[in-house]
Amino acid sequence: MQNSKKHIKMNIFDNLKTTLINCFNDLYNKDITTETISFQYTREEFKGDITLVVFPLLRFTKKSIQESTKEIGDYFISNNKYTNGYNIIKGFLNFEISTTYWIKFLDNILPNKNFGYKQTNKDSDNIMIEYSSPNTNKPLHLGHIRNNLLGFSVSEIIKANGKNVIKVNLVNDRGIHICKSMLAWQKWGKNSTPESTNKKGDKFVGDYYVLFDKEYKKQVKELISQKIPENEAKKNAPLLLEAQEMLRKWENGDTQTVELWQKMNSWVYKGFDQTYKKLGIDFDKIYYESQTYKLGKQIVLDGLKKNILIKKDDGSIWADLTNDGLDQKLLLRNDGTSVYMTQDIGTAHQRFNEYNLSKHIYVVGNEQNYHFQVLKLILKKLNYNWADNIFHLSYGMVELPEGKMKSREGTVVDADDLIDEMIYTAKIKSQELGKLDGFSENEKNKIYQQLAMGALKYFILKVDPKRNMMFNPNESIDFNGNTGPFIQYSYVRIKSILRKAKQNNISTKTINEKIKICEKAKKIIKTLYKYPETINEAAKNYSPALIANYAYNLAKEYNQFYQEYQILKEKNKDLINFRLNLSKKTAEIIKSSLALLGIETPERM
RNA sequence: GGUCUAGUAGCUCAGUUGGAUAGAGCAACAGCCUUCUAAGCUGUGGGUCACAGGUUCGAAUCCUGUCUAGAUCACCA
């Protein structure tokens, strides 16, 4: 708490803004509001630290750009103790902030282990985030990986930004698709199990789903050859009728069917848990659709009573959204059963009531944009004041060179296969470099796994969630350049230095403010300075990509510094102390920012 | 057809309240390890920011139109 207070006091932008407001009062007798002020970090290629864009202020100064800029600059030199100098380029006023300020700032944050994080307390907002939400008839693929990593990372980022986060998973464990797997297993499974076939449970069940589809298509073809129209054939293939019968039995609670359903689902869960574990993601609460699919029905009936919804002649109930430029949406079938939308209305209502949520985020692919648009609109029409607090974190598809991944056509990148491949690549790469010789097999495997997941997670999370992204299975995910392992490597090198320092009994202490520091070091401090605002932006925009870019940038800057300057062999003791502190803090922030992406940092690699 | 999203270097991507000469990585080429871990660092080449207008001191960014790609418009979830 104290640290954050100090930090606020140390906020250089606020400080400059205050001076600027005073400046306009004193020089031009004008009150300017903070909104009209545009301070920004000075671009690399120019001298200076922070830039004031003077153009928008000309209407207050009523003087030429040259004159105004110079007057403001001079005012800062004599009235702002952190401003050491300035230069003017084309109406951009570049202030040079004193080195002492940056050193003081670094010294200030050294003891703060949670620098950049906002604390939560009992008054913090509750935010629920639903992600993953798999079907229990298909193994996880790369698209799910993106969903899972995004959901987890966004949760961590929002937590770091001072909110209570409740991570939930809504498992889609019921419906006709599950019955298809069940039926296929019953018919052709010969009582085999994942154990007896030595298969991962979700893969095992997934195979029967595929088998159903294959046999079903055969039947349809057969029927068509008997001159039955395609539509009819598809609807009346015996297998499909059997599956539908099974669903009815399940809904009526038929003991045998429910038992089979439970058995097969438990296999799938076991498989999913393995994959979740490998991905390093978790949930605070798991919902099952089999328990929630009837929710929302009452709400719909109430809506009908209040004439918000409409009933058609056949008895089905709809929301009419045509006045909002959308279509009509079915909410209850004429037999009284509910649909996907009905359930989502119900679960949202339940969750907002139960948890006093200030926001509910759904991490779901952009193919469902329409669904969530409709959901929100219906909730609004039903007069729920929290309707505006649901947010669809819509992310883009992962595309392969030949197009979108399609489970049924087998053009998917399997999650487990990909992870295993990555670990193998990490192992080969590491063995080539031979830096882990002498480690135990366990230690090595742990590191391979950390590097592999670092590469995979960074690869996915560095891309803006909103955008579709491309994955080419023929080009393996890189371990060099703008990658997770690059950032991990930077961390490892710092840790190596810190170990050496300890061996030589060099301990860090308060930094001497008067030392001269190089531009590279100053640049690193400035980047550290940006960490809190980066977390804030990432949370606001639900974008782990901002954190990923930040971490990469920090690591890159440190590597440049590392290359050019010796740390432990420097003669000046004050400089050693400064560089050691700088390195230590950089390592901490690298670790912290990677943690927000769910990426671990090994101590050696 | 309606709606929504996107189009930036050969490839994968940054570029977020409009700001300076549009940046990285990969790939290619040329350098740097007896010195804190070379999964690193330095350099070279590579761009009509899809196209055309508009708004203004200033546009990759905002607006309009066109082209291209994807998603969606289910009594599936």
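Chain identifiers are assigned alphabetically (A, B, ...) following the order of the sequence lines, protein sequences preceding nucleic acid strands; residue numbering begins at 1 within each chain. Excluded from the calculations below are hydrogen atoms, water molecules and symmetry mates; all remaining heavy atoms, backbone and side chain alike, are included.
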Scoring nucleotides 15-25 of chain B by protein non-hydrogen atoms under 4.0 Å (B base, S sugar-phosphate only, - none) yields -B--BBS-SSS
Whether each nucleotide of nucleotides 68-77 of chain B has a protein heavy atom under 4.0 Å at its base (B), only at its sugar-phosphate (S) or at neither (-) is summarised, 5' to 3', as --SSSS-BSB
Which residues pass the ring-ring contact (aromatic ring centres under 6.0 Å, His included) test with A:Phe39, sequence neighbours left out? none
Span that lies between the P atom of B:A52 and that of B:A9, in whole angstrom: 16 Å
Please classify the nucleic acid contact of A:Ser430 as base, sugar-phosphate, or nothing, using heavy-atom distances under 4.0 Å. base
First encountered from the 5' end of RNA chain B, between A:Ile447 and A:Met469: A:Met469
A:Pro465 or A:Pro485: which one's nearest nucleotide on RNA chain B is closer to the 5' end? A:Pro465
According to the interplanar angle, ranging from 0 to 90°, do the rings of A:Tyr293 and A:Trp250 count as parallel (below 30°), tilted (30 to 60°) or perpendicular (above 60°)? tilted
Can you run down the side chain to side chain donor-acceptor pair (under 3.5 Å) pairs that involve residues 457-467 of chain A, sequence neighbours left out, and say none if there aren't any? A:Tyr458-A:Asn482
Dot-bracket for RNA chain B, 5' to 3', Watson-Crick and G-U pairs with both distances under 3.5 Å, [ ] for crossing pairs, | for partner on another strand, reads (((((((..((((.....[...)))).(((((.......))))).....(((((..]....))))))))))))....
Would you kindly check whether a donor in the side chain of A:Gln373 faces an acceptor in the base of B:U3, or vice versa, at under 3.5 angstrom? no
Going by the rule side chain to side chain donor-acceptor pair (under 3.5 Å), which residues pair with A:Glu570 if we only count those two or more places apart in sequence or in a different chain? A:Arg579
cation_pi(A:Arg493, A:Tyr562) dist<6.0 Å, angle<=45: yes
Do A:Glu588 and A:Lys585 sit within salt-bridge range, that is, some charged N less than 4.0 Å from a carboxylate O? yes
Could you tell me whether B:C63 is syn or anti, where syn means a glycosidic angle within 90 degrees of zero? anti
